[in-house]
Number of protein chains: 2
Amino acid sequence: MKQSLFPQHDHDHSDCTSNLMKFADLYCQQAGLRLTKLRRTVLEKVAASHKAIGAYQILDNLAADGQKLAPISVYRSLDFLQEAGLIHRLESTNSYFACQRNFDDDLTNNNPISLNKCSETSPLVFLICDNCGAIGEVEGASIEPLIETVANSEKFKVKHSQLEIKGTCTSCQASS
Amino acid sequence: MKQSLFPQHDHDHSDCTSNLMKFADLYCQQAGLRLTKLRRTVLEKVAASHKAIGAYQILDNLAADGQKLAPISVYRSLDFLQEAGLIHRLESTNSYFACQRNFDDDLTNNNPISLNKCSETSPLVFLICDNCGAIGEVEGASIEPLIETVANSEKFKVKHSQLEIKGTCTSCQASS
DNA sequence: CTGCTATATGAAACAATATTACAATAGTTG
DNA sequence: CAACTATTGTAATATTGTTTCATATAGCAG
């Protein structure tokens with residue numbers, strides 16, 4: 001059963017985070033990646049909402065928890081998490097959000113963890129609500145052929161692509 | 001006759017700039033926009049190559065010409081030019097490049113200037129060479145239906161979208 | 001277990017990018 | 001010209017990200 005991409009503003013977010021963290025643990029274990037304490041904490045902060053969060057917000061957030069870090073520590077964790085495909089970076093706002101697409105099926109169906117679904121090999125497509133800040137990540141496969149067509153016509157060799165779509169999400173349209 | 005999106009590295013760029021500046025002058029006049037001396041100078045700097053240029057590069061560049069400005073002056077001009085659709089901003093690299101699409105047909109065919117072709121109403125699509133830095137801007141209309149489909153399925157109301165495709169351009173593939 | 005090595009984190013300074021707030025000037029309109 | 005709006009100047013400051021070098025810790029070979 002398919003979840004809505006943009007959950008209600010008042011939904012119970014604890015399921016989202018716990019599923020995500022569960023997946024992250026399993027995934028890193030299987031992939032031989034080290035989800036250290038720091039990296040895990042940073043991921044928790046990023047996954048704390050469906051909005052994108054800035055590096056310095058994470059920093060402040062951790063400081064409030066008593067964990068005072070240098071910016072570089074956060075950036076290093078973010079780099080790791082992004083590399084692992086667990087989070088994405090919104091280029092237009094210099095901020096980060098958790099990838100939800102990895103585990104939506106897997107965990108509920110008790111499927112084996114499929115590694116790196118959101119890998120760099122297929123286009124990243126994000127719907128960004130400029131009202132509430134929520135991000136919805138969309139399957140990029142559908143635009144891939146189109147990108148290939150465009151690229152081929154210019155003999156351009158594609159390595160990576162990211163599509164950021166800004167507008168208003170369902171929840172915000174409803175509550176306006 | 002269609003120009004290549006990625007001209008040879010050693011092409012004569014003076015045609016590119018002079019066409020672009022000619023268009024900018026006509027366009028702003030017709031649209032009632034004031035292409036002031038400063039804005040025009042900034043546009044010349046941006047249009048000086050097919051690569052994207054950073055705000056502080058422009059600043060340094062102008063300083064070298066004897067014109068010492070504060071960052072804000074450059075940013076204000078960039079904002080104006082972007083608003084006018086004469087330049088675009090690469091989100092992934094915090095840099096700016098000139099829109100070539102406006103005048104490729106118009107000037108050569110002696111057509112009347114068509115205002116604001118690259119307006120925010122249709123998706124922006126850029127091919128970005130990570131070797132030489134050249135940018136090729138592509139007609140975004142072809143991906144528009146796809147974006148609409150995705151958005152509609154989530155009841156998301158689209159305002160603006162930008163697709164940044166990274167890879168290697170023709171010229172760089174040839175010379176490697 | 002011991003030491004070796006690779007990986008990860010800490011700490012401080014700094015670089016790059018962008019904005020705020022307010023004053024001065026230029027251009028436009030009545 | 002007077003009043004008004006748009007543009008630019010000036011200075012300070014905010015935000016985002018990196019370099020460099022030192023220290024610690026995990027994983028592994030002997």
Side-chain angles (χ1 to χ4, degrees), chain A residues 24-25 28-46 51-84 86-97 128 133 162 164, chain B residues 24-25 28-29 31-46 51-84 86-97 128 133 164:
Chain A
D25 287 329
C28 286
Q29 196 193 328
Q30 293 197 17
L33 297 173
R34 291 173 51 196
L35 189 60
T36 62
K37 195 171 170 184
L38 178 59
R39 289 167 176 170
R40 201 170 187 284
T41 310
V42 170
L43 178 57
E44 276 172 353
K45 294 299 181 187
V46 175
K51 306 179 186 183
I53 188 174
Y56 278 75
Q57 272 179 276
I58 297 173
L59 208 58
D60 294 347
N61 210 314
L62 288 169
D65 293 354
Q67 189 167 8
K68 311 214 171 181
L69 295 170
I72 184 67
S73 294
V74 169
Y75 280 108
R76 284 195 282 227
S77 289
L78 290 171
D79 284 350
F80 168 86
L81 294 167
Q82 193 179 357
E83 196 97 349
L86 293 169
I87 67 173
H88 299 299
R89 180 190 148 92
L90 271 197
E91 305 288 6
S92 55
T93 56
N94 308 317
S95 56
Y96 305 82
F97 66 98
I128 304 153
Q162 183 159 323
E164 302 192 3
Chain B
D25 287 330
C28 286
Q29 197 193 327
L33 298 173
R34 291 174 52 195
L35 190 60
T36 62
K37 196 172 170 185
L38 177 59
R39 290 165 175 173
R40 201 171 187 284
T41 310
V42 170
L43 178 56
E44 278 173 348
K45 294 300 182 187
V46 176
K51 305 179 187 182
I53 186 173
Y56 279 75
Q57 272 180 275
I58 297 174
L59 207 59
D60 293 349
N61 209 315
L62 288 168
D65 293 354
Q67 188 168 8
K68 311 214 172 180
L69 295 171
I72 185 67
S73 295
V74 169
Y75 280 107
R76 283 196 283 228
S77 290
L78 290 171
D79 284 349
F80 168 86
L81 295 168
Q82 194 180 355
E83 197 95 349
L86 293 169
I87 67 172
H88 299 299
R89 180 189 149 94
L90 272 196
E91 305 288 6
S92 56
T93 55
N94 308 317
S95 56
Y96 305 81
F97 67 98
I128 304 152
E164 303 192 2

Is the A/H88 ring parallel, tilted or perpendicular to the A/F97 ring (thresholds 30°, 60°)?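 It falls in the tilted class, 30° to 60°.
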Of the non-hydrogen atoms in [X] and [Y], which two are nearest, and what is the gap between them?
{"X": "B/A55", "Y": "B/V74", "value": "O-CG1, 3.8 Å"}
{"X": "B/S95", "Y": "B/G54", "value": "CB-N, 4.0 Å"}
{"X": "A/S92", "Y": "B/E91", "value": "CA-OE1, 3.6 Å"}

Round to a whole Å and report the spacing from CG of A/L35 to C1' of C/dT7. 15 Å
Protein heavy-atom contacts under 4.0 Å, written 5' to 3' over nucleotides 4-19 of chain D as B (base), S (sugar-phosphate only) or - (none), form the string --SSBBBB----BBBB
A/Y96 side, atom OH; A/L81 side, atom CG - distance, nearest 0.5 Å: 10.5 Å
